[in-house]
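Have a look at the structure below, then the notes.
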Amino acid sequence: NPKNMRQDVAKSHPKGLYTLFFTEMWERFGFYLIIGILFLYMTDGLKGGLGWDESSANDVYGTYIALVYLTPFIGGLLADRVFGYRKTIIAGGLLMAAGYLTLSIPGETAFYVGLLLIILGNGAFKPNISTLLGNLYNKPEYSTLKDKGYNIFYMGINIGAFACNFIAAWLRNEYGWGYAFAAAGIGMLVGVGIFMSGKTILSDADQIKPAQPEDMPLSRIALTIFVPALLFAVIGFNAGSLFGVENIFGSTSNDTFLFACLPVAFFYLTTYLKSSAEDKKPIGSLLYIFVVVIIFWAIFHQNGNVLTSWAEKYTHREMPASVSGVAENLSLRQTVEMPTDPTAEKDVYFENLPSEQQPAPGESVQLIPTELFQSLNPMFVVLLTPLVVGLFGFLGRIGKEPSTPMKIGLGLFITGMSTLVMILAVSASNNGADKVSAGWLLGTYAVITVGELCLSPMGLSLVSKLSPRRLTAVMMGGWFLSTSIGNKLAGVMGHMGADNPDKSMVFYINFTGAMICAVLLFIGVKRIAAVLKEKTA
């Protein structure tokens with residue numbers, strides 16, 4: 001019963017959870033609206049998009065989602081040491097709103113400026129709202145509820161992520177791309193307003209923690225990390241000519257990004273090596289997890305490019321007659337027309353559609369909008385979260401609940417299983433020659449969502465539990481750094497897949513990587529669980 005659930009939350013969880021829940025719901029509404037349509041916008045050459053080829057779109061997509069999770073390293077530091085969490089979150093939200101609204105302006109210049117504003121805003125917003133939530137649960141009366149709190153928070157994320165694609169589909173198909181981008185900006189402004197209204201109940205959790213003698217001062221961080229990162233980025237940008245090859249990691253953006261990550265990774269290694277004996281074990285455990293979960297994010301964020309492309313080109317999307325009328329009334333359909341000129345460019349949907357199923361010249365078909373498939377993951381999160389939480393609760397009552405690191409390992413393993421569904425889908429499509437049922441994507445998203453529920457909220461909770469108090473936001477930035485590298489790999493994999501005639505190649509690589517990393521995490525589970533028990537005792 002939702003009413004009883006709200007009453008239970010009110011009795012047991014801190015009041016600030018409400019404010020953060022709805023703030024994050026609206027922030028994720030905008031963020032995932034962009035994820036759902038960005039690749040489509042870049043590759044659309046018929047209805048006002050940028051008209052890029054898929055390789056270029058994959059490159060930009062991977063770079064964008066990598067950078068939005070790399071900047072939290074900076075945002076965490078600034079909140080921890082200088083501005084506090086509330087001010088940094090508000091600034092980040094306003095920057096993101098400005099970025100979404102800028103994307104609504106046609107043209108490549110506005111496109112790149114908009115992405116830059118979102119990247120900077122997310123860096124200020126994302127690590128600090130998660131840290132602020134963790135701080136609410138640091139009081140003894142709330143400490144045992146932290147995992148549940150993060151699961152409830154995660155539900156807010158996915159309500160926003162589910163709803164946004166319906167708004168995006170309606171606006172971009174009825175009015176154009178700019179209106180869809182503007183909706184993300186309006187949603188972000190609503191989220192900022194909700195957050196600002198909760199100043200009083202969040203004030204206790206918004207505390208700047210003094211740096212310790214062993215912590216690297218900001219001036220030194222700038223000289224030893226940020227400046228070298230910029231220098232390494234320049235080296236990476238010119239790596240091809242410097243080393244006499246076209247590219248080292250497949251493209252100029254890959255070289256630039258991966259080279260720039262080296263000084264940041266060095267910072268975390270230095271933090272570990274110079275930490276006190278008390279902090280060394282928890283920091284080391286977190287760094288180990290950060291490395292192995294990279295593959296999860298590389299697979300998970302292929303939803304915005306690889307799986308979006310699969311939905312766009314290889315999935316039957318014709319609307320059944322039973323729902324086409326309702327969809328038309330709600331403006332939730334995508335109309336594609338067969339051109340009358342046989343030499344004109346056709347919509348990509350017609351490329352592998354049998355001739356007998358194609359409409360006559362000048363006629364059109366009604367399709368399920370591609371971005372609606374992006375709502376499958378958040379839909380399954382909302383549906384499956386009570387089941388997963390209930391299962392772990394039952395196992396806890398009988399003394400069999402897996403430890404937090406074991407849950408993360410299970411999440412990696414299950415994520416690997418989801419890639420097998422797509423390998424079967426490729427086989428059923430005769431390597432993309434034929435269209436296949438949307439059920440393959442439905443199955444893939446269902447399986448990977450179970451893996452996500454085991455891994456993602458548990459990862460956020462683990463960072464909050466294991467991090468030394470004064471380094472919580474910085475270590476949260478480390479979690480997002482691993483996400484960032486994984487996201488860049490998602491773009492790399494999409495680029496490889498776009499250039500490879502074997503449509504299953506990407507999914508085989510995904511499966512192999514997930515299984516290797518799951519085994520690595522299972523090997524370290526006992527040690528990490530022991531550190532966690534010692535830290536939280």
Side-chain angles (χ1 to χ4, degrees), residues 27-28 30-43 54 57-72 115 118-119 122-123 126 154 157-158 160-162 164-165 250 253-254 257-258 261 290-312 370-371 373-378 380-381 408 411-412 414-416 418-419 421-422 441 444-445 447-457 459-460 479-498 506-507 509-511 513-514 517:
E27 187 273 324
R28 292 290 95 177
F31 182 83
Y32 282 108
L33 188 154
I34 301 303
I35 292 294
I37 66 175
L38 189 65
F39 188 82
L40 298 172
Y41 175 66
M42 288 187 286
T43 55
E54 285 201 10
N58 273 298
D59 208 22
V60 171
Y61 170 80
T63 302
Y64 164 69
I65 61 171
L67 291 177
V68 292
Y69 283 97
L70 184 62
T71 49
L115 292 186
I118 299 167
I119 288 163
N122 191 75
K126 190 60 181 171
Y154 209 65
I157 291 174
N158 286 279
F162 174 80
C164 68
N165 296 298
S253 69
N254 293 344
F257 174 79
L258 294 174
C261 283
F290 292 167
V291 171
V292 296
V293 299
I294 286 173
I295 190 63
F296 169 77
W297 297 113
I299 297 171
F300 182 78
H301 275 130
Q302 288 173 34
N303 64 332
N305 58 343
V306 175
L307 295 186
T308 291
S309 179
W310 185 266
E312 178 88 344
T370 307
E371 56 264 57
F373 287 90
Q374 293 294 309
S375 285
L376 290 175
N377 171 248
F380 280 124
V381 169
I408 294 174
L412 270 170
I414 295 168
T415 298
S418 75
T419 66
V421 180
M422 287 308 301
L441 283 175
T444 298
Y445 279 116
V447 177
I448 200 170
T449 300
V450 177
E452 177 193 3
L453 289 173
C454 292
L455 187 148
S456 189
L460 293 173
W479 172 260
F480 291 119
L481 173 63
S482 69
T483 309
S484 173
I485 296 172
N487 290 351
K488 183 57 183 168
L489 292 178
V492 171
M493 296 304 295
H495 190 135
M496 291 172 60
V506 168
F507 303 115
I509 295 176
N510 289 344
F511 175 77
C517 289

(request) Compare every heavy atom of Val447 with every heavy atom of Ile414, then report the nearest pair and how far apart it is. (result) CG2-O, 3.3 Å

(message) How long is the straight-line distance from CD1 of Ile65 back to CG of Asn487, given to the nearest 0.5 Å?
(response) 4.0 Å

(message) Within the 4.5 Å heavy-atom criterion, are Val68 and Lys126 side-chain neighbours or not?
(response) no

(message) Just by distance, no angles: are the side chains of Glu452 and Thr415 close enough, under 3.5 Å, to form a donor-acceptor pair?
(response) no

(request) Evaluate the ring planes of Trp479 and Trp297, with Trp represented by its six-membered ring, and classify them as parallel (under 30°), tilted (30 to 60°) or perpendicular (over 60°). (result) perpendicular

(request) Might you point out which heavy atoms bring Ser482 and Phe290 nearest each other, and give the distance in Å? (result) CB-O, 3.0 Å

(request) Test Phe380 against Val450 for side-chain contact (heavy atoms from CB on, under 4.5 Å), laying out the working first. (result) CA-CA 8 Å; Phe380 280 124; Val450 177; over 6 Å; no

(message) Applying the side-chain contact (heavy atoms from CB on, under 4.5 Å) criterion to Phe39, which one of Asn305, Val306, Asn303, Thr370 satisfies it?
(response) Asn305

(request) Check whether any side-chain heavy atom of Met493 sits under 4.5 Å from a side-chain heavy atom of His301, and report yes or no. (result) no

(request) Answer yes or no: is there a side-chain heavy-atom contact under 4.5 Å between Ile34 and Tyr64? (result) yes

(request) State, yes or no, whether a side-chain contact exists between Leu307 and Tyr445 at a heavy-atom distance under 4.5 Å. (result) yes

(request) Indicate whether any N or O donor in one side chain lies under 3.5 Å from an N or O acceptor in the other, for Lys488 and Ser253. (result) yes

(request) Carefully, step by step, assess Leu481 and Tyr69 under the rule side-chain contact (heavy atoms from CB on, under 4.5 Å). (result) CA-CA 6 Å; Leu481 173 63; Tyr69 283 97; over 6 Å; no

(request) State, yes or no, whether a side-chain contact exists between Asn377 and Asn158 at a heavy-atom distance under 4.5 Å. (result) yes

(request) Indicate the atoms forming the closest heavy-atom contact of Ile485 with Cys261, along with that distance. (result) CG1-SG, 4.2 Å

(message) For Ser375 versus Asn165, what's the shortest heavy-atom pair and its separation?
(response) OG-ND2, 2.9 Å

(message) What's the separation between atom CD in Gln302 and atom OG in Ser309, rounded to the nearest 0.5 Å?
(response) 11.5 Å

(request) Can you see which heavy atom on Ile408 is nearest to which on Leu455, and at what distance? (result) O-CD1, 3.6 Å

(request) Determine whether Gln374 and Ile37 make a side-chain contact, defined as any pair of heavy atoms from C-beta on separated by less than 4.5 Å. (result) no

(message) How close do Ala311 and Leu441 get, counting heavy atoms only, and between which atoms?
(response) CB-CD1, 3.6 Å

(message) So, taking the atom named CD1 in Ile299 and the one named CG in Asn510, what distance separates them when rounded to the nearest 0.5 Å?
(response) 4.5 Å

(request) Could you tell me whether a side-chain N or O of Asn122 sits under 3.5 Å from a main-chain N or O of Ile118, the two making a donor and an acceptor? (result) no

(request) Run the numbers on Phe373 and Thr308 for side-chain contact (heavy atoms from CB on, under 4.5 Å), then give the verdict. (result) CA-CA 8 Å; Phe373 287 90; Thr308 291; over 6 Å; no

(request) Determine, stepwise, if the pair Val60 / Leu115 fulfils side-chain contact (heavy atoms from CB on, under 4.5 Å). (result) CA-CA 10 Å; Val60 171; Leu115 292 186; 4.3 Å; yes

(request) Indicate yes or no: at least one non-hydrogen side-chain atom of Phe296 is less than 4.5 angstrom from one of Thr483. (result) no

(message) Let me confirm one number: the OH-CD distance from Tyr32 to Glu27, rounded to the nearest 0.5 Å.
(response) 8.5 Å

